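Note: hydrogens, waters and symmetry copies are ignored here, and every other heavy atom, side chains too, is used. Order of listing sets the numbers, starting from 1, for every ligand and every atom in it. Keep in mind that this is a model prediction, so the values were computed, not measured.
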Amino acid sequence: MKSVALFGATGSIGGSALDVLERHRDRFRVGVLSAHRNVEALADLCAKHEPDVAIIADRTLRDALAAALRSRGLKTQAEAGGEALEQAAQDSSNDIVIAAIVGAAGLHSTLAAARAGKRLLLANKESAVMAGPLLRAALRKGGGELIPIDSEHNALFQCLPPCCDDFAAHGGVRKLWLTASGGPFRGRTREELQHITPDQACAHPNWRMGRKISVDSATLMNKGLEVIEAQVLFGIDANAIDVVVHPQSMIHSLVEYVDGSFLSQLGQPDMRTAIAHALAWPERIEAGVPRLDPRTLSLQFEAPDEETFRCLALARAALRASGDAPALLNAANEVAVAAFLENSLPFLGIPDVIEAVLNELPSQPVVDVETLLQRDLTARSAAQRIIRERVSG
Ligand code: NDP
Ligand code: MG
């Protein structure tokens, strides 16, 4: 029986993970559930899954959480704040940590799980993007295993050779191809993107996801973050990672080998496949995903439009600049997306803000978490100032 700590339990990935875990109560028990501010939703999940510990990240809500658990007659212990998350990530009573918090807020708990040598199921791509070198070092030190549950990286994990550390030199890997759906605005011109609303951007054709990643998918920043994530997770040269648009989201990525073979993973656009794979690996378990009839498939592929969707090119530039440029990109993107969701920045303003922040702050080497978080804050203030100047100018 493996005990699972699920961070971001009230979110879209959290819901998919709990659905898979519930199907396998004989193999997994839920040890920890966490949320940010959503006390009632967290307490409801506790009533259903009976974890030992529930953590509310906003520490002012500890008493509210304790009261909500008591009112449901639960024995679950109420904890609050970032330290409680870090503590749970490394606690010896949990074997598996599912990192499904959105944004930079997931960094500390992700690093703590890596340092503690857990099986780390990573959805929180922002932590890999921000702190790639630190995450790799923490994994080496902890000796655990990271299994990606971002669907593209999970597909690559499934298709890469099991043999080696250096896939290009010893595994015959020529290129990683990340597939992208193209998002809700594929095929549109810049003109047509001028008056996009948050609800339009969040209406993804194939996936139901949280609002931040939905906007990232609409701008193609999600694919940009994923290029960086792939470089961090698989240690492959940035030039050997490419993107192909595949609107049906059935092929979740491809590995191209030097002998001309392409291996890909194909399945429904349903995150439960990747989550079930990563939970049970190297075994396979039922995920609850509807079966797919390959006779019904018709698959298309095309090049991404990086001129209209500039975020992908900006992410590639940050990866080339190396050092902490990906962290600055991520911070600027989080601020710009939040401003767009609050209607204080137009859709096409998102790449403008990110580009301005990257131009203003040349990259510096990544030395430690404290310095990185300082730079994250500097990039956030720069992005906020640039957005204010746009409004007043
Ligand atoms: P959601 O917005 O649906 O859920 C986010 C979760 O994180 C919620 O539980 C939320 O709690 C919690 N949270 C938010 N802010 C904080 C904070 N400051 N501190 C602690 N917890 C916080 O996001 P998704 O599930 O869509 O995405 C989660 C992560 O997975 C993201 O990094 C995303 O990029 C990645 N991912 C998601 C996919 C998807 O299909 N959804 C696919 C691939 C990757 P509360 O409810 O209280 O706000
Ligand atoms: Mg993905």
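- Using a cutoff of 4.0 Å between basic side-chain nitrogens and carboxylate oxygens, Asp242 and Arg316 are scored as salt-bridged.
- Glu50 and Arg72 are not joined by a salt bridge, as no carboxylate oxygen comes within less than 4.0 angstrom of a charged side-chain nitrogen.
- Between Glu286 and Arg23 there is no salt bridge, since none of the side-chain N atoms of the basic residue sits less than 4.0 Å from a carboxylate O of the acidic one.
- Around ligand 1, the residues contributing at least one heavy atom under 4.0 Å from the ligand are Gly8, Ala9, Thr10, Gly11, Ser12, Ile13, Ala35, His36, Arg37, Asn38, Ala57, Ala100, Ile101, Val102, Ala105, Ala123, Asn124, Lys125, Glu126, Asp150, Met209, Gly210, Ile213, Met271.
- With waters left out, the protein N, O or S atoms under 2.8 Å from the Mg ion (ligand 2) add up to 3.
- Salt-bridge check for Asp237 with Lys175: failed, with every basic side-chain N at 4.0 Å or more from each acidic carboxylate O.
- Evaluation of the ring-ring contact (aromatic ring centres under 6.0 Å, His included) test over residues 348-393, restricted to residues two or more places apart or in two chains, returns none.
- With sequence neighbours excluded, the residues forming a ring pair (Phe, Tyr, Trp, His ring centres under 6.0 Å) with Phe347 are Phe185, Phe340, listed by chain and number.
- Glu126 has a carboxylate O that lies under 4.0 Å from a charged side-chain N of Lys212, or vice versa, which qualifies the two as a salt bridge.
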Can Ser3 and Asn94 be said to form a side chain to side chain donor-acceptor pair (under 3.5 Å), step by step? CA-CA 5 Å; Ser3 181; Asn94 301 310; 3.2 Å; yes
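- Look at Asp305 and Arg188 and you find no salt bridge, because none of the NZ, NE, NH1 or NH2 atoms lies under 4.0 Å from a carboxylate O.
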